[in-house]
Amino acid sequence: MTRPLEIAVSCRAGHRGEERPVAFRFGDREISVETILDSWLAPEHRYFKIRAEDRAIYILRHDVNEGFWELCFYTLAEAWDKTQRPEENRSRKR
């Protein structure tokens, strides 16, 4: 089993005081969060599905007990659009 990529995340407190990611870094690349598409809680983790400035979709996981962040999922925007809105993609091709 491969472990997700550990990343550094910059956060801001939301209107209820919970921290939300605004940017993240892996390697020497920093990526700004454009929008948070979804978020959910698990017993020991918080997850954020985001669209970043590069238009790609990422899922970031925060280990609440240990305090570290991981990159769990990544897909290019074009690939995501095809899987999420196939009816729109079909109508564009006609």
Side-chain angles (χ1 to χ4, degrees):
M1 184 169 126
T2 60
R3 182 182 168 130
L5 178 65
E6 194 166 336
I7 57 174
V9 178
S10 300
C11 295
R12 279 203 191 114
H15 66 280
R16 288 185 270 166
E18 75 283 357
E19 288 193 342
R20 302 177 70 76
V22 294
F24 60 99
R25 174 180 291 282
F26 60 94
D28 55 351
R29 184 172 176 212
E30 180 158 314
I31 301 171
S32 295
V33 173
E34 184 178 280
T35 188
I36 296 174
L37 301 170
D38 198 3
S39 62
W40 60 95
L41 296 173
E44 298 175 356
H45 298 96
R46 294 177 63 212
Y47 292 86
F48 294 91
K49 181 165 108 182
I50 60 125
R51 182 182 310 270
E53 65 183 342
D54 62 2
R55 306 296 296 156
I57 304 297
Y58 298 84
I59 294 180
L60 310 180
R61 178 172 66 186
H62 182 220
D63 184 304
V64 178
N65 295 328
E66 300 294 325
F68 63 86
W69 288 83
E70 297 172 312
L71 174 61
C72 296
F73 175 85
Y74 163 81
T75 189
L76 296 172
E78 298 82 27
W80 181 259
D81 288 342
K82 288 177 185 172
T83 63
Q84 295 302 305
R85 295 181 289 202
E87 69 285 347
E88 287 181 23
N89 291 320
R90 280 194 297 267
S91 65
R92 286 184 205 158
K93 291 179 184 176
R94 293 181 185 167

Stepwise side-chain contact (heavy atoms from CB on, under 4.5 Å) test for Glu44 and Val64: CA-CA 6 Å; Glu44 298 175 356; Val64 178; 5.9 Å; no
Derivation and outcome, side-chain contact (heavy atoms from CB on, under 4.5 Å), residues Ser39 and Arg20: CA-CA 9 Å; Ser39 62; Arg20 302 177 70 76; 4.2 Å; yes
Pair Glu34-Arg55, side-chain contact (heavy atoms from CB on, under 4.5 Å): steps then yes or no: CA-CA 8 Å; Glu34 184 178 280; Arg55 306 296 296 156; 2.5 Å; yes
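Of the inter-residue distances, the one linking Asp38 atom CG with Tyr47 atom OH reads 12.5 Å to the nearest 0.5 angstrom. Note that CD1 of Ile50 is 7.5 Å distant from CD1 of Ile57, once rounded to the nearest 0.5 Å. Taken from CZ in Arg61 to CD1 in Ile7, the straight-line distance is 10.5 Å, to the nearest 0.5 Å. Distance CG/Leu37 to NZ/Lys49: 6.0 Å, rounded to 0.5 Å.
Residue Trp69 is grouped with residue Leu5 when hydrophobic side chains (ILVMFWY) are merged at heavy-atom distances under 4.5 angstrom, including chains of intermediate members.
Residue Tyr74 forms a ring-ring contact (aromatic ring centres under 6.0 Å, His included) with just one option from Tyr58, Phe26, Phe24, and that option is Tyr58.
Summarising the geometry of Leu71 relative to Leu60, their closest heavy-atom pair is CD1-CD2, 3.8 Å, with the distance given to 0.1 Å. Taking every heavy atom of both residues into account, Ile31 and Glu53 meet most closely at CA-OE2, 3.5 Å. Annotation for Pro21 and Val9: closest pair CB-CG1, 3.6 Å, computed over non-hydrogen atoms.
With hydrogens and angles ignored, the 3.5 Å screen pairs a side-chain donor or acceptor of Arg46 with a backbone N or O of Glu19.
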